[in-house]
Amino acid sequence: MTHPRPTSPTILPLRLEGVGYDVAGKTLLSDISLAVDPGRRLVVMGANGAGKSLLLRLCHGLIAPTAGRCIWADGSIRAHAQAMVFQRPILLRRSVAANLDYPLALRGLSRQARRATVARTLDRFGLGPLADRPARLLSGGEQQRLALARAWSMQPEVLFLDEPTSALDPSATRIIEEMLMGFSAEGITIVLTTHNLGQARRLAEDVAFLHRGRLIEHRPAADFFAGPAAPEARAFLAGDLIW
Amino acid sequence: MTHPRPTSPTILPLRLEGVGYDVAGKTLLSDISLAVDPGRRLVVMGANGAGKSLLLRLCHGLIAPTAGRCIWADGSIRAHAQAMVFQRPILLRRSVAANLDYPLALRGLSRQARRATVARTLDRFGLGPLADRPARLLSGGEQQRLALARAWSMQPEVLFLDEPTSALDPSATRIIEEMLMGFSAEGITIVLTTHNLGQARRLAEDVAFLHRGRLIEHRPAADFFAGPAAPEARAFLAGDLIW
Amino acid sequence: QEFIIVASTTSTENSGLFGHILPMFQAETGIEVRVVSQGTGQALETGRRGDADVVFVHARAQEEAFVAEGYGVQRFDVMYNDFVIVGPADDPAGVRAADSAAAAMAAIAGAGASFASRGDDSGTHTAEKGLWSAAGIDPAGDWYLSTGSGMGATLNTAAQVPAYALTDRGTWLSFANRGPLEIVAQGDPVLFNPYGIILVNPDKHAHVKAEQGQAFIDWIVSEAGQQAIASFTVAGEQLFFPSVQ
Amino acid sequence: MAADAALMQIIGLSLRVTLTAVLVACAIGLPLGAALALARFPGRGAVIVVFNALMGLPPVVAGLVVYLMLSRSGPLGDLALLFTPEAMILAQTVLILPIVVSLTRSVVEDIWAEYREQLQSLGASRLRAVPTLLWDGRVSLLTGVLAGFGRASAEVGAVLIVGGNIAGHTRTMTTAITLETSRGNLGLAVALGIILLALTLTLNAVAWGAGQWARGRLG
Amino acid sequence: MAADAALMQIIGLSLRVTLTAVLVACAIGLPLGAALALARFPGRGAVIVVFNALMGLPPVVAGLVVYLMLSRSGPLGDLALLFTPEAMILAQTVLILPIVVSLTRSVVEDIWAEYREQLQSLGASRLRAVPTLLWDGRVSLLTGVLAGFGRASAEVGAVLIVGGNIAGHTRTMTTAITLETSRGNLGLAVALGIILLALTLTLNAVAWGAGQWARGRLG
Ligand SMILES: Nc1ncnc2c1ncn2[C@@H]1O[C@H](COP(=O)(O)OP(=O)(O)OP(=O)(O)O)[C@@H](O)[C@H]1O
Ligand SMILES: Nc1ncnc2c1ncn2[C@@H]1O[C@H](COP(=O)(O)OP(=O)(O)OP(=O)(O)O)[C@@H](O)[C@H]1O
Ligand SMILES: [Mg+2]
Ligand SMILES: [Mg+2]
């Protein structure tokens, strides 16, 4: 990894205590208690509409729970030193390089430091040839790669990834998985959702399984894949669930 | 399949003759000659940014080639009786049901016929409970399912699918694959891109492999997966390519 | 509902005269009078284009030309009021000492005191130009403000600068935003300001409501109309004086 | 003016003229603006620039043009519309149409950029896409319509020329304000202005409420 | 008026007043409008409604208010700004600020709906998001700015009151048009209007060209 090590984690664990999320009278998440422990790789699984993306957005501090609370170890509601790759990444109406530059400028990095980081990131993610392209005209996979690169360049302590390789080709997927393992080795905490069971098996240290807005399993990955306790999770792994 | 059989295909084959596509002096696709034969399942493969989405949009008539031509068997440039599921589906700012109703209304169906078709489609795709939700607030997978449902309800002769299951959970993916096989059995022609090699193996009758905007293989699937001629395709299948 | 359109000047409308006399006319004849108040030039143009049935303005030379060109049938004297020169109460140019209107203007020019002119070729502006030429002065310079506006707007400006201005007494009496201004010169016979009324020629514009228009003219020059004009007062002062004996 | 009945009559006329003009301008301008956003034809840029520029059409000029049309000596003189509320509606429509067209075009262009391929894929012709885009952009379009309404309700130059500011017939709030200003009754003029703004405020509050409701239902 | 020099002087003053007012209104209105799109505070709806309604601020009222402020007997009388171009700039700024604010808010709200979570995730405070959104929305914002420019360049009621339409000093194209109209010189008035529109057209064409260029670079 050419990426500098992050400073030792101080903001973790992130604790969710009895978290619920309602919109317009509909309960989308309910009573979720969960700790995101430092340095672990947590994979959040569940069917479409189970609430995975909502859970990540809650953890990341983008939406506020309507019940319970999410709290970081340092007592803050929304810690810095975290980054997220969205399921549907939003790129700014600027060039690829400018998209990478933007969060660095937000952090007050000098022009020089930014230029170096951008160059390093472009190179690391194979985006060099696309640097001057308008980001919004990239292909689906290129956009997702750029979103990953942008999150990486922010040197987070915790990285939230919402189906980060869904648009990537097999080799890109493999490389990203290797990179995530590398981050993890550096001590970065990773929270990831995926519908790719192979990926989940490869990456997960812990698994949280959501079903209709409820957390029904949260266990070490080995236990979970060996045979989940909840019938819904068993059915999910077997590909049995119907909508 | 509860879906009525389409009338016998008359618009196929679709022929691409020396098709190229340039934007702002950059060649994104070049010299593609290809026939989409009636009733077949063609899977378009290639790395991120290879040009798969552009090729589908060209075939579907959304963009015009800057070289060569795309022509349907009936001589038209842009035939009706086709539908497409986009890589990033665009849903109207309306309810789920209204999104399904819209293309039917465009075709001049009576209110009654529309109501019946919408109900059938909602049911078929497990979207019943979501019928009155604003479509843009659905989860990623739910949105993709709605886009698939909308395309299905249009009873196309040709269905273009750009990574249609990238956001779906495993069981939804399996069901969609089964449905696609079902359509194919009814004579509907299917053109699909995917980065899921398993899915490609399961669905493909023919494979077109794109590399940097060029069509470098177009063969029956069995031949292709047995061992592609082109080294790029071999590397791709092995997951070897790096960007 | 019968109605006629009368193109008139802002000074008559602003003073409130029409609000006073028109109900009397309507009560008598059942004819509604719709008054479009415009600059004198614009009012005559409105008549020329056939968009009014009657014009009621104060710019004698232009009125006579209007009739001579065949746009109007005949001009009738209706009433007069007079112009006054207003200026800052402390009268920096010493206008109060002048013994004629022309002398007053000369004093203003001589002292280089600010003067606000309407500069819009209205009846008032025409009268003002007459006074300057009588005084032998070609007004120009920083002190001479050509506002290119109606009487009210010009007085608003004059009150702020402050500046001298020529105004008709009617507008002045009903004008509320006087600031430091007061009348500094009045009474010279050249400040006499006659109003005329003309029926637009139906030979030029067939749709002109000649009968009702003439009825209005007949009424306004009649005993009843003249009395109505005479009975209009603002703050206890009569503004317009009947000119038909 | 002192009489409440007269004031009511003036307010009523102002509302009638302005709202009718806005309605007509929307009926023409919304589809036209959307069509301009979608259409591709030589000279499209020029048409857009002209509509943008016409947002700066001086009311006096709009008024004069309508005046010269409706004048007895003008081409439409026989309609005898001059110095009537109808003439005022016409002049205001001319005035605010470019605003509605330009702002609609701008909003619809943005939605169209997102929707184009999907709508074409669903089988919508450009013509058929117009109502779809207007409907899906309704919350954003509202501000443009309100800008047009504001321009119309505040406008005095055009209605003065074609309406004539005839007491009891074509006198509106704005022409009354102008009249009181020229009478030096600045206090009264400002008071009338405040009444007019209060009316505008009420209408805007209602429109905003409706917009919020629509946004809630639309997600 | 006949003299070309006088006409040139009038054109120059019109441009100077209008462009300065637009510049000032943008400098205040763009960030303010964007902030209003992002901020959440009690009474936000009311503020938005007020700005929407102020798009319908009658120019005469805006002019009167500025007049009463700048008048010798008013609070700012000592500045001696009345009947100067600066007063006209101030009045026009007051007039078009609500247009710039409301249209900016509307555009930025749409982009914010799309960008909010991503920008927050990248670490942008709402304050820091303002310039980002203005920059990313620049093409769409242009139409709103042009609407403000149109309103200012066409406006006569306010500049007449605070400027006084003094020949050679505060006479602009629009007040000259009004003057010629009241003189009955309708032809000349229309001719001046055409010159004004031609100027507006040129400026709009330049703005459109710049916008297209920006759009091309931005994708
Ligand atoms: N309008 C455009 N302007 C410029 N470049 C474009 C445009 N559209 C696509 N491209 C470029 O063309 C290439 C092919 O794009 P396309 O979307 O077809 O890729 P793809 O094969 O679908 O990739 P993915 O698997 O990531 O979806 C990409 O490098 C993309 O950046
Ligand atoms: N703002 C909202 N308003 C109403 N419903 C919402 C909103 N956001 C999400 N939902 C609903 O909440 C449920 C959970 O959504 P979420 O996006 O978390 O699903 P997910 O587990 O990420 O699914 P996917 O695998 O499809 O991405 C879905 O049914 C979705 O429709
Ligand atoms: Mg999700
Ligand atoms: Mg693609």
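Throughout, a chain's letter reflects where its sequence line sits, starting with A, and its residues are numbered from 1.
By the 6.0 Å contact criterion, CZ on Arg202(A) is enclosed, its count of non-hydrogen atoms from other residues, nucleotides or ligands being greater than 12.
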Would you sort out whether Arg145(B) and Asn48(A) count as a side-chain contact (heavy atoms from CB on, under 4.5 Å), showing the intermediate values? CA-CA 9 Å; Arg145(B) 220 154 78 200; Asn48(A) 289 135; 4.0 Å; yes
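Scanning for side chain to side chain donor-acceptor pair (under 3.5 Å) contacts around Tyr102(B) gives Thr132(D), with sequence neighbours left out.
Rounding to the nearest 0.5 Å gives a distance of 11.0 Å between CG of Asp169(B) and OG1 of Thr194(A). One finds the OG atom of Ser166(B) at 12.0 Å from the CG atom of Asn196(A) (value rounded to the nearest 0.5 Å).
Closest of all the heavy-atom pairs between Gly49(B) and Ser139(A) is N-OG, 3.5 Å.
Among Gln144(B), Met45(B), Arg133(B), Lys52(B), the residue making the largest number of heavy-atom pairs under 4.5 Å with chain A is Arg133(B). Between chain B and the residues Arg88(A), Gln143(A), Glu142(A), Lys26(A), the largest count of heavy-atom pairs under 4.5 Å involves Arg88(A). When Ser53(A), Gly128(A), Gly46(A), Pro170(A) are compared by the number of non-hydrogen pairs under 4.5 Å with chain B, Pro170(A) comes out ahead.
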